[in-house]
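These numbers come from the heavy atoms of this one structure, side chains and all, not from hydrogens, waters or symmetry mates.
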Amino acid sequence: MKNLWQALMMVRQCSRRSFWLRILYVFLQSVLPLVNLYILKLLVDSVTLPGSQLPTLTLLLAMCGIFLLNRIVSALNGINNDYLSQRLVDHVSDLLQRQSARLDMQYYDTPSYHDTLHRAQQEASFRPLQILGNFMSIGGSAVSIAGVVAMLLTASPWVILVMVAAVVPGFVVRLYKARRIYAFRRENTQLYRLTSYYGSLLTSRAAAPEVRTYRLAPLFRSRFVASRRKLVATLLSISRRLGMLDVLCAFVEAAAMFFIVWLLVTQTAAGAITVGSFVMLFEAFRRGQGYLSSLVGGIAGLYDNRLFVGNLFEFLNLEPHILAPSDPLPVPQEIEEVEFRDITFRYPDMERDVLSHYSLRARRGEVTAVDGRNGYGKSTLIKLLLRFYDPQQGTVLLNGIDIRRFDPDELRQRFGVLFQEFMRYSCTADENIAFGTRGAASDNSALLSSPLLSFLSRLPKGSGTLLSRLFDGGSELSMGQWQRLALARALASDAPVLLLDEPTAWLDADGRETFAQLIEEQRSSKVVLLITHSQV
């Protein structure tokens, strides 16, 4: 019940007004059909029996008025539900994005995290609202059933017992179905993700050149189809078994309808009830079956949604491992030295150490180059210094202070970083550079006019040009030009420590010369850590 309550409160947080309006509309939609059913009885009796107290025209107008009111309430409920649904999508998206941003990088290195995130994303946007709908369905059905029971008791208590007994098999089948589908989806999360991965390779711009050059589309398409066939075959097998059970339930419900109609016809023929009462009771029974089915569906839906919404809260309940100390030290404004002291580190679920008893010291005024072969942990040094991870052994120091004594967010503000896998943001060139300032106001005019970014003047709108061809009006850059922008982003931070991972990998001769000049200008006031494959 905890997950159900949390989901309800989540919907309520989106819009209290819409939440309570939803309850009001459902209540009205449950009561109005019952009122109309009773008016139908009076209308039939006014036609078939002499001396009716209410004129037929009055009853007909009342019936039409109730029908119109019910349709208006239904339309308002639809509008309100659409509004609440969109608010919920935005709210849950915000929760997922915030949670993803606060979790440690090490989560991204484990397949189980990606499974958890995938399940949360699949269910997040609609399950909480479905849970509200389930509760409303249960509440509305309960109100309607109470009215139906009061009507049917005038015929025979057996009518109630038969009506209830007829829906029990369907209820059991729905619970079984919910459990089977949930188990299937959870067990096959990675297969679903693998299918999405192959689909993205066939449609993404980044993969398009190699997919076409090496004719990989048939291979990835065949793998996509094979994965989908496996999923669909299992789902259809489950569906066929459950469908047969549904057919058996239909036979039970048909038998119940035969018994009730035979009972009502017998009583009408014997004069025990009027024709109007027969119409009302038959319609009450028919609707009662529908209300009971809705009640059962609401309960089964709660069970189903309780299982699936647990995926959302499973993700939201994850906690970061890299935490700020209870009483953090202020991070020094001036950084004189960065040190890795006897560091041993391995990534989650790896069998070997990436770094073993590694030590390094980088000082202000120097360019400290870290040279080595691929896979020897050079880029890992940057991740440890930014405290994306903590080493299993050893200490990372800033001005001789263990970086675990600082708040990680404040610590990272002291670094300007060019990552080996730098981001290419589909934003303007100005924005791509300004992201390095972390939202702080900064004058980047010197950078924009430097030889490093001379290519910007050739773009349609200069530095205000939208980059990449994903959106209208955008211009694409070469990888070398993107790397120049990423380097400018690191320099725009004006941080006391520069961390540069393969900063000239995509640069031409002029670019490397410009880079060397920039680093020479920066080295006197900063600690510069340069990751490279060849000594600079």
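A donor atom on one side chain and an acceptor atom on the other are not found under 3.5 Å apart for H321 and D104. Side-chain atoms of Y83 and R87 form a donor-acceptor pair, as typed in the model, at a separation below 3.5 Å. No hydrogens or angles considered: a donor-acceptor pair under 3.5 Å links the side chains of Y108 and S100.
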Working note: T428 + E431, criterion side-chain hydrogen bond (donor to acceptor under 3.5 Å, both in side chains); need CA distance, chi angles, decisive distance, verdict. CA-CA 5 Å; T428 66; E431 289 172 323; 3.3 Å; yes
Salt bridge (Lys or Arg N to Asp or Glu O under 4.0 Å) evaluation trace for E314 with R186: CA-CA 13 Å; E314 179 185 4; R186 191 170 184 88; 3.3 Å; yes
May I have the step-by-step check of side-chain contact (heavy atoms from CB on, under 4.5 Å) for H118 and Q190, ending in yes or no? CA-CA 9 Å; H118 175 82; Q190 287 211 15; over 6 Å; no
After noting the C-alpha distance and the side-chain angles of D342 and S359, does the key distance pass the side-chain hydrogen bond (donor to acceptor under 3.5 Å, both in side chains) rule? CA-CA 5 Å; D342 194 31; S359 296; 5.2 Å; no
Does the pair L418 and D501 meet the rule for a side-chain contact (heavy atoms from CB on, under 4.5 Å), with working shown? CA-CA 6 Å; L418 170 61; D501 195 350; 5.9 Å; no
Run Y198 and F224 through ring-ring contact (aromatic ring centres under 6.0 Å, His included) and show every step you take. CA-CA 6 Å; Y198 288 131; F224 175 86; 8.1 Å; no
Quick one: do R22 and V26 satisfy side-chain contact (heavy atoms from CB on, under 4.5 Å)? Show the steps, please. CA-CA 6 Å; R22 176 75 186 276; V26 170; 4.0 Å; yes
Step by step, work out the side-chain contact (heavy atoms from CB on, under 4.5 Å) result for R412 and F388. CA-CA 10 Å; R412 291 163 192 157; F388 293 155; 3.8 Å; yes
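Of the candidates L329, V331, V396, L329 is the only one forming a side chain to side chain contact (heavy atoms under 4.5 Å, CB included) with I401.
For the pair T437 (side chain) and A434 (backbone), a donor-acceptor distance under 3.5 Å is present. Under the 3.5 Å distance criterion, the side-chain polar atoms of D353 are left unmatched by any main-chain donor or acceptor of S356. R489 contributes a side-chain N or O that, together with a main-chain N or O of M423, makes up a donor-acceptor pair within less than 3.5 Å. Under the 3.5 Å distance criterion, the side-chain polar atoms of S449 are matched with a main-chain donor or acceptor of S445. T465 contributes a side-chain N or O that, together with a main-chain N or O of G462, makes up a donor-acceptor pair within less than 3.5 Å. In this structure a side-chain-to-backbone donor-acceptor pair under 3.5 Å is missing from E337 to L397. Between the D94 side chain and the D90 main chain, no donor and acceptor come within less than 3.5 Å of each other. In this structure a side-chain-to-backbone donor-acceptor pair under 3.5 Å is present from T189 to R185. Put simply, the side chain of R484 never gets that close to the backbone of L453: no donor and acceptor are under 3.5 Å apart. Looking only at distances, a side-chain donor or acceptor of N317 sits under 3.5 Å from a matching main-chain atom of F313.
Within a 6.0 Å radius of CD in E421, no more than 12 heavy atoms belonging to other residues, nucleotides or ligands are found. Around the CZ atom of F184, the shell of radius 6.0 Å holds more than 12 heavy atoms that belong to other residues, nucleotides or ligands. Taking a 6.0 Å sphere around CZ of R405, one finds it holds 12 or fewer heavy atoms contributed by other residues, nucleotides or ligands. A 6.0 Å sphere centred on CZ of R193 holds more than 12 heavy atoms belonging to other residues, nucleotides or ligands.
Using a 4.0 Å cut-off between a side-chain N of Lys or Arg and a carboxylate O of Asp or Glu, E319 and R102 qualify as a salt bridge.
Within the 4.5 Å cutoff, no side-chain heavy atoms of L355 are placed close to those of T344. Side chains of E521 and L518 form a contact here, defined as non-hydrogen atoms less than 4.5 Å apart. Between R363 and E336 the shortest side-chain heavy-atom distance does not fall below 4.5 Å. With contacts defined as side-chain heavy-atom distances shorter than 4.5 Å, the pair L456/L448 qualifies. Q481 places none of its side-chain heavy atoms less than 4.5 Å from the side chain of L485. Counting heavy atoms from C-beta outward, F515 and P503 have side chains that approach closer than 4.5 Å. By the 4.5 Å heavy-atom criterion applied to side chains, V497 and K526 are not counted as neighbours. Side-chain atoms of L498 and L529, non-hydrogen and from C-beta on, never get closer than 4.5 Å to each other.
When all heavy atoms are compared, the tightest approach of S468 to W482 is N-CZ2, 4.4 Å. Of all heavy-atom pairs spanning V354 and G377, the tightest one is CG1-CA, 3.4 Å. Taking every heavy atom of both residues into account, G480 and L507 meet most closely at O-CD2, 3.7 Å. Of all the heavy atoms in R241 and S237, the pair that sits closest is NH1-OG, 2.9 Å. Of all heavy-atom pairs between R346 and R352, the closest is CB-O, 3.3 Å. P328 and D407 make their closest contact through CB-N, 3.8 Å (heavy atoms, listed as atom of the first residue, atom of the second, distance).
Residues meeting the side chain to side chain contact (heavy atoms under 4.5 Å, CB included) test with R404, sequence neighbours left out: R387, D390, T395, D402.
A distance of 13.0 Å separates CH2 of W20 from CG of N80, quoted to the nearest 0.5 Å. In this structure, CG in L530 is found 9.5 Å from CG in D371, a value given to the nearest 0.5 Å. S18 OG to D82 CG: the interatomic distance, rounded to the nearest 0.5 Å, is 10.5 Å. A distance of 10.5 Å separates CG of L466 from CD of E476, quoted to the nearest 0.5 Å. If you take CG on L76 and CG on N81, they are separated by 12.5 Å, rounding to the nearest 0.5 Å. To the nearest 0.5 angstrom, C14 atom SG is 11.5 Å from R12 atom CZ.
A centroid separation of 6.0 Å or more is found between the aromatic rings of H114 and Y107.
Each ring-ring contact (aromatic ring centres under 6.0 Å, His included) pair with one or both residues in residues 326-351, not counting sequence neighbours, appears once here: F345-Y347, F345-Y389, Y347-Y389.
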